[in-house]
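Report on one structure; see the data block that follows.
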Amino acid sequence: MVIRIDEKGERIPLTIADWDREEGTVTIVVMAVGTTTHRLAQLETGDSISDFIGPLGLPTHIDNFGTVVCVAGGFAVATIMPIARSMREKGNHVISIMGARNKDLIFWEDELRNVSDELIVTTDDGTYGRKGLVTEPLKEILDSDQKIDRVIAIGPSVMMMACSRTTEPYGVKTIVSLNPIMVDGTGMCGCCRVSVGGETKFACVDGPDFDGHQVDWDLLFSRQRSYLEQEKTSFEDWKRQHGF
Amino acid sequence: MPKLDLNRVEMPRQDPKERAKNFNEVALGYSDEQAEYEANRCIQCPKRPCVSGCPVNVDIPEFIKAIRDNDMPEAVRILKSKNALPGICGRVCPQETQCEEVCTLAKRDAPIAIGRLERYVADWERENQPSMETKAPDTPEPTGKRVAVVGSGPAGLTAAAELAKMGHSVTIFEALHIGGGVLMYGIPEFRLPKEIVQAEVDYVKSLGVELVLDAVIGKIDTVDELLDSGYDAVFLGTGAGLPMFMNIPGENLCGIYSANEFLTRTNLMKAYLFPKYDTPISAGKRVAVIGGGNVAMDSARCALRLGAEEVYIIYRRSEAEMPARREEVENAMEEGIIFRFLTNPVEFIGNEQGWVTSMKCIEMELGEPDDSGRRRPIPREGSEFIIDIDTVVVALGTTPNPLIASTTEGLDTTRRGTVVADEETGKTNKAGVWAGGDIVTGAATVISAMGAGKRAAADIDKYLRSQ
Ligand SMILES: Cc1cc2nc3c(=O)[nH]c(=O)nc-3n(C[C@H](O)[C@H](O)[C@H](O)COP(=O)(O)OP(=O)(O)OC[C@H]3O[C@@H](n4cnc5c(N)ncnc54)[C@H](O)[C@@H]3O)c2cc1C
Ligand SMILES: Cc1cc2nc3c(=O)[nH]c(=O)nc-3n(C[C@H](O)[C@H](O)[C@H](O)COP(=O)(O)OP(=O)(O)OC[C@H]3O[C@@H](n4cnc5c(N)ncnc54)[C@H](O)[C@@H]3O)c2cc1C
Ligand code: FES
């Protein structure tokens, strides 16, 4: 989905983490990184935003694959949770790995545990769970005698790239959820273009899920950095106005 | 017979040096005296070629006569009886290939400036007849039928307005956060002030039409779901919003935009007011715009206003083949845009950070005419050269977004992705579904989209009443 806070705000893409058809609500989990996400974080119960557009893009492909490893980095625990849940409902054996920088950034551990057959938690600094990166347990699982049929890796781009590189030698299909910069989210602007298997794709309509072994990661990284200067200006302005 | 006056009144415009730095409207509009002078030049010839040159057959000599008689309300009435959006058409129609091309005085190179007079009448109305009562006609007898219009560009707005005037209950579903289609997100403020587009959208709403924004049909609901949920008919006016790229090496480098993205950031998201408006844009110092249509002219002129020092238009044919509105080409040239005709890019070259730094081009020459009737450009072997640039805007045209076609059961489309619809009625092969505008024709014009919306509305009305 795409949201816009108000008339002057930017349109940013977010992932629907959970939903309740009866209540008519969706759950989103946002990491405050810049202006728009900080503004979202400041909203109180009962506040509103001007635009909510979605659901957009293609839903994650769910099927009975056998054994599926779901890897989440940082805030993507929220994204992986409903995927793990659906995978399990389809009869897969689900092993989940969630990683964060430190203990304070761990959330939804129980939620993810409840929908997984096994759960491994890591922190970069060892303040909680296993010390290290998510790729370490992932590699151990691949090395073990279990047959792994599919890996879903969602999180920061570097983490998704690292997971894809880890699984590649084992030939295990690895699906990643790409997060290039987007504007409309409907296939109209081409801002979100990524290269997969040598072909240009619009992540907002053709994705965001792609085969991690086929993605041109360098292109994704450089395009994500397109507006670093302006993002800094915008965020500095915002912080000054809000006394941070 | 009075002597022919061949002194066509020029449009007063902002000074090119000034206007290249601001987003205010370039063409300032006729004064009362200028309009009167121009209206008096019309010889009111009995053949009225201009009327058949107009895609919606506005009674041009009559509205000009009303200006002459200083009966402005009558001029408004005549104009609006055929064209619901004169303030927009007066500004953006390619008059030189429509009404003005066939004007009797065109033979003497001085056609009546019909577009400028049209705009004059529309602007007069906006300033002098602001109240809705003069605008909204009597409320029609409700028919109890419901119509869903998908897309709020000129095709959708026109169809919705017509259907509402016939008494049907109309809902427009629009994917973006604002209504108006290309008129809002594509055509820049300096050519078509957004206030004018908003006024037209508000007018359509004043007729009782409901406008649902942020509603991407094909995602939140499909066309079939609309038909199943109580709409008696659906009109598709979703335009041609999918940008085409060239598929040459380096095209995904940072700093390379589709015109849609460049213009959306600039116009819809108001990136020219960054950081007051939070959407960034990176229009560098040396910008190359690829293409020769209105979209290319608008992109180039936006880049200039965003602070570029040199802006090139790179076009693979020659000046004569450029499809852009003549007036906008002249404006662009006056503002200092550099035109490189018979030139085509073959590769984009970037730096280590993945930003575009230059572009390899090849010279072209014109061969035999192709399907479009224009002479086909052929590359000149070995003529490659490099232009240093830091931003590229690809303005090569658009095709319909496949979303609607791919989610609508059994809707016929062409190889180019356009929806097949009857030219006279807009009827598609699918029961209860009509289509019109760019989604049927591919990228075309505002007035043709409006015409299609109007014809489809008439046919939908006939269908609903026969049920
Ligand atoms: C498909 C998709 C799903 C996402 N889901 C989530 C989610 O569930 N939760 C969450 O916290 N974040 C999610 N993101 C990332 C989120 O969109 C960005 O963090 C957000 O746009 C940053 O905006 P900002 O103004 O706060 O920060 P800024 O300072 O503007 O940007 C910080 C960084 O975020 C990225 N970014 C900036 N603008 C955009 C944009 N318009 N579109 C995409 N990325 C941008 C850039 O790489 C930039 O360097 C998702 C991104 C994508 C593409
Ligand atoms: C930069 C630019 C300059 C132009 N200049 C001129 C000019 O000077 N003169 C001229 O005559 N013509 C000009 N044109 C062409 C003209 O604007 C178009 O031909 C015209 O707008 C087509 O109208 P439409 O109603 O068919 O579609 P559009 O105006 O494209 O409107 C379609 C609407 O449908 C919405 N939509 C799309 N998909 C969905 C969906 N799935 N669900 C809901 N809504 C959806 C879109 O968001 C959009 O708002 C220009 C075009 C561009 C891009
Ligand atoms: S975000 Fe515009 S096309 Fe994907």
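Quick note on labels: first sequence line is chain A, next is B, and so on, each numbered from 1.
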Ile181(A), part contacting chain B, at a heavy-atom distance under 4.5 Å
side chain
Counting only heavy atoms closer than 4.5 Å, note whether Glu229(A) contacts chain B via side chain, backbone, both or neither.
neither
Which region of [X], side chain (C-beta onward) or backbone (N, CA, C, O), has a non-hydrogen atom less than 4.5 Å from a non-hydrogen atom of chain A, or is it both or neither?
| X | value |
| --- | --- |
| Pro280(B) | both |
| Leu242(B) | both |
| Leu273(B) | neither |
| Thr264(B) | side chain |
| Tyr185(B) | side chain |

Minimal non-hydrogen separation, [X] against [Y], with atom names:
| X | Y | result |
| --- | --- | --- |
| Pro243(B) | Gly187(A) | CD-O, 3.7 Å |
| Asn401(B) | Thr186(A) | ND2-O, 2.7 Å |
| Pro55(A) | Ile220(B) | CD-CG2, 4.4 Å |
| Lys219(B) | Leu56(A) | CD-CA, 4.1 Å |

Side-chain atoms of residues 191-204 of chain A: list all donor-acceptor pairs with protein atoms under 3.5 Å, sequence neighbours left out, distances to 0.1 Å.
unit_1: Arg193(A); atom_1: NE; unit_2: Asn252(B); atom_2: OD1; d: 2.8
unit_1: Arg193(A); atom_1: NH1; unit_2: Gly190(A); atom_2: O; d: 3.0
unit_1: Arg193(A); atom_1: NH2; unit_2: Glu251(B); atom_2: O; d: 2.8
unit_1: Arg193(A); atom_1: NH2; unit_2: Ile256(B); atom_2: O; d: 3.0
unit_1: Thr200(A); atom_1: OG1; unit_2: Asn252(B); atom_2: ND2; d: 3.1

Any donor-acceptor N/O pair, Gln230(A) side chain to Ile281(B) backbone, under 3.5 Å
yes
Rounded to the nearest 0.5 Å, how far apart are [atom1] of [X] and [atom2] of [Y]?
| X | Y | atom1 | atom2 | value |
| --- | --- | --- | --- | --- |
| Arg223(A) | Trp355(B) | CZ | CH2 | 9.0 Å |
| Phe52(A) | Leu213(B) | CZ | CG | 15.0 Å |
| Phe274(B) | Asp237(A) | CZ | CG | 7.5 Å |
| Cys189(A) | Leu263(B) | SG | CG | 11.5 Å |
| His177(B) | Asp184(A) | NE2 | CG | 10.5 Å |
| Phe221(A) | Gln353(B) | CZ | CD | 15.5 Å |

Assess whether atom CD of Glu195(B) is packed by more than 12 heavy atoms of other residues, nucleotides or ligands within 6.0 Å.
no
Take atom CD of Glu409(B) as the centre, draw a 6.0 Å sphere, and report whether it contains more than 12 heavy atoms from other residues, nucleotides or ligands.
no
Max heavy-atom pair count under 4.5 Å with chain A, selected residue of Ser258(B), Cys254(B), Gly218(B)
Cys254(B)
Assess whether side chain to side chain contact (heavy atoms under 4.5 Å, CB included) is satisfied between Met269(B) and Arg4(A), documenting all intermediate values.
CA-CA 11 Å; Met269(B) 305 309 296; Arg4(A) 191 181 68 138; 4.2 Å; yes
Using a cut-off of under 4.5 Å for heavy-atom pairs, which of Met188(A), Glu10(A), Arg11(A) has the most such pairs with chain B?
Met188(A)
As an exercise: rank Gly9(A), Ser50(A), Gly57(A) by heavy-atom pairs under 4.5 Å with chain B and give me the winner.
Gly57(A)
Taking the side chain as every heavy atom from C-beta outward, state whether Val216(B) and Ile53(A) have any pair of such atoms under 4.5 Å apart.
yes
